Amino acid sequence: SKADVVTFNTVLSGLARHGLVDEAQRVFNRLEEVDITPDEISFTNMIYANFRASRPSTALRWFAFMKEAGIQPTVVTITCLLDGLVKTHERRVASSVARAIASSLLAKNESSHDRSVLADRNLKEWIGGNSTSELVWKPDAVLFTVLVQAFFRLRDS
């Protein structure tokens, strides 16, 4: 039977969880060879693999590749990105991401529509997508937990 993106993502996930980033890179490269288009899960697995291997700059490059490919990050991608940045001590970037997420979420609870739109635009510019479309992901309990942990760890910065 012909392999599909789900099969490749399963393999990528296993390699990422075990810190086998070079092997994950080889598998990702095979996607094009077998005419399979990577999806947001494929890219999230590569971001995660690079953070696990303590390669935050490479993880950020994968995030940039994802945006360049026109693939919108999911809440899982954003959570992985923020968690990885904090754990690899990328304080400046982690702080920027955490603040963009928090300001967007907090602005939605305020009465000022203009402030909410501006916060969403700032977040969208950071994560990709255009400033007129709505975010394609909604925060979940895991993102909130990682966000709180990020602010706790970054409070001295």
Side-chain angles (χ1 to χ4, degrees), residues 2-105 107-108 116-140 142-144 146-147 149-150 154 157:
K2 185 177 177 180
D4 61 8
V5 72
V6 174
T7 303
F8 275 93
N9 285 341
T10 302
V11 172
L12 286 173
S13 177
L15 294 169
R17 290 182 190 279
H18 289 28
L20 302 170
V21 68
D22 294 328
E23 290 82 353
Q25 173 69 53
R26 283 192 283 280
V27 169
F28 190 94
N29 291 342
R30 290 269 304 141
L31 287 169
E32 285 186 4
E33 293 174 22
V34 295
D35 201 30
I36 295 175
T37 304
D39 62 9
E40 68 279 354
I41 298 168
S42 311
F43 283 97
T44 300
N45 280 322
M46 293 307 300
I47 293 165
Y48 177 73
N50 280 282
F51 278 128
R52 286 270 297 162
S54 297
R55 298 179 184 176
S57 60
T58 305
L60 288 171
R61 278 197 301 270
W62 276 102
F63 186 68
F65 295 153
M66 180 181 194
K67 293 192 299 185
E68 289 168 13
I71 297 174
Q72 288 291 321
T74 65
V75 69
V76 175
T77 310
I78 299 303
T79 304
C80 173
L81 183 71
L82 180 57
D83 189 53
L85 289 167
V86 171
K87 288 179 178 174
T88 57
H89 308 288
E90 292 292 321
R91 298 175 74 81
R92 185 185 57 76
V93 181
S95 180
S96 174
V97 172
R99 290 176 198 285
I101 294 169
S103 66
S104 179
L105 296 175
K108 290 189 180 314
S116 178
V117 169
L118 179 61
D120 273 355
R121 184 176 301 131
N122 291 340
L123 180 58
K124 286 177 199 161
E125 287 171 4
W126 206 96
I127 65 169
N130 64 53
S131 59
T132 59
S133 64
E134 205 170 304
L135 290 173
V136 297
W137 54 268
K138 300 290 182 213
D140 63 7
V142 177
L143 177 59
F144 280 115
V146 169
L147 189 59
Q149 289 172 346
L154 298 170
S157 59

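No experiment lies behind these values; they were computed from the predicted model shown. Residue numbers start at 1 and run along the sequence shown.
- Closest of all the heavy-atom pairs between Thr88 and Pro56 is OG1-CB, 3.5 Å.
- The line from CD1 of Ile78 to CG of Asp140 is 11.5 Å long, rounded to the nearest 0.5 Å.
- Every residue two or more places apart in sequence or in another chain was checked for a side chain to side chain donor-acceptor pair (under 3.5 Å) with Arg26, and none qualifies.
- Remark: Thr44 OG1 to Leu81 CG distance equals 9.5 Å, nearest 0.5 Å.
- Inter-residue side-chain proximity for Met66 and Glu40 is flagged as met; some heavy-atom pair is nearer than 4.5 Å.
- Residue Pro38 comes nearest to Leu31 through the heavy atom pair CB-CD1, 3.7 Å, listed as atom of the first residue, atom of the second, then distance.
- Heavy-atom minimum distance, Leu85 versus Ala94: CB-CB, 3.7 Å.
- In terms of heavy atoms, Ala98 sits closest to Leu147 at O-CD1, 3.6 Å.
- Summarising the geometry, atom SG belonging to Cys80 is positioned 10.0 Å from atom CZ belonging to Phe63; distances are rounded to the nearest 0.5 Å.
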Would Thr77 and Thr74 count as a side chain to side chain donor-acceptor pair (under 3.5 Å) here? Give the steps. CA-CA 5 Å; Thr77 310; Thr74 65; 3.2 Å; yes

With side chain to side chain donor-acceptor pair (under 3.5 Å) as the criterion, how do Ser95 and Arg99 come out once you've worked through the C-alpha distance, each side chain's angles and the decisive distance to 0.1 Å? CA-CA 6 Å; Ser95 180; Arg99 290 176 198 285; 2.9 Å; yes

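- Checked against ring pair (Phe, Tyr, Trp, His ring centres under 6.0 Å), Phe65 has the following partners two or more places apart in sequence or in another chain: Trp62.
- In this structure, the side chains of Ser42 and Phe8 stay at 4.5 Å or more apart for every pair of heavy atoms.
- Nearest approach of Leu12 to Met46, heavy atoms of both residues: CD2-SD, 3.9 Å.
- Val146 has its side chain out of reach of Val86: every pair of non-hydrogen atoms, C-beta onward, lies at least 4.5 Å apart.
- Under the side chain to side chain donor-acceptor pair (under 3.5 Å) criterion, Thr58 pairs with Arg61, sequence neighbours left out.
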Please determine whether side-chain contact (heavy atoms from CB on, under 4.5 Å) holds for the pair Val21 and Arg52, giving the CA-CA distance in whole Å, both sets of side-chain angles, and the decisive distance to 0.1 Å. CA-CA 8 Å; Val21 68; Arg52 286 270 297 162; over 6 Å; no

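- The only option from Thr7, Val11, Val6, Val5 that meets the side chain to side chain contact (heavy atoms under 4.5 Å, CB included) definition with Asn9 turns out to be Val5.
- Heavy atoms of other residues, nucleotides or ligands lying less than 6.0 angstrom from CD of Glu32 number 12 at most.
- From Leu15, atom CG reaches atom CG of Asn45 across 9.0 Å, with rounding to the nearest 0.5 Å.
- A distance-only check finds no donor-acceptor pair linking the side chain of Ser96 to the backbone of Arg92 [under 3.5 Å].
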For Phe51 and Lys87: C-alpha separation, side-chain torsions, deciding distance, then whether side-chain contact (heavy atoms from CB on, under 4.5 Å) applies. CA-CA 8 Å; Phe51 278 128; Lys87 288 179 178 174; over 6 Å; no

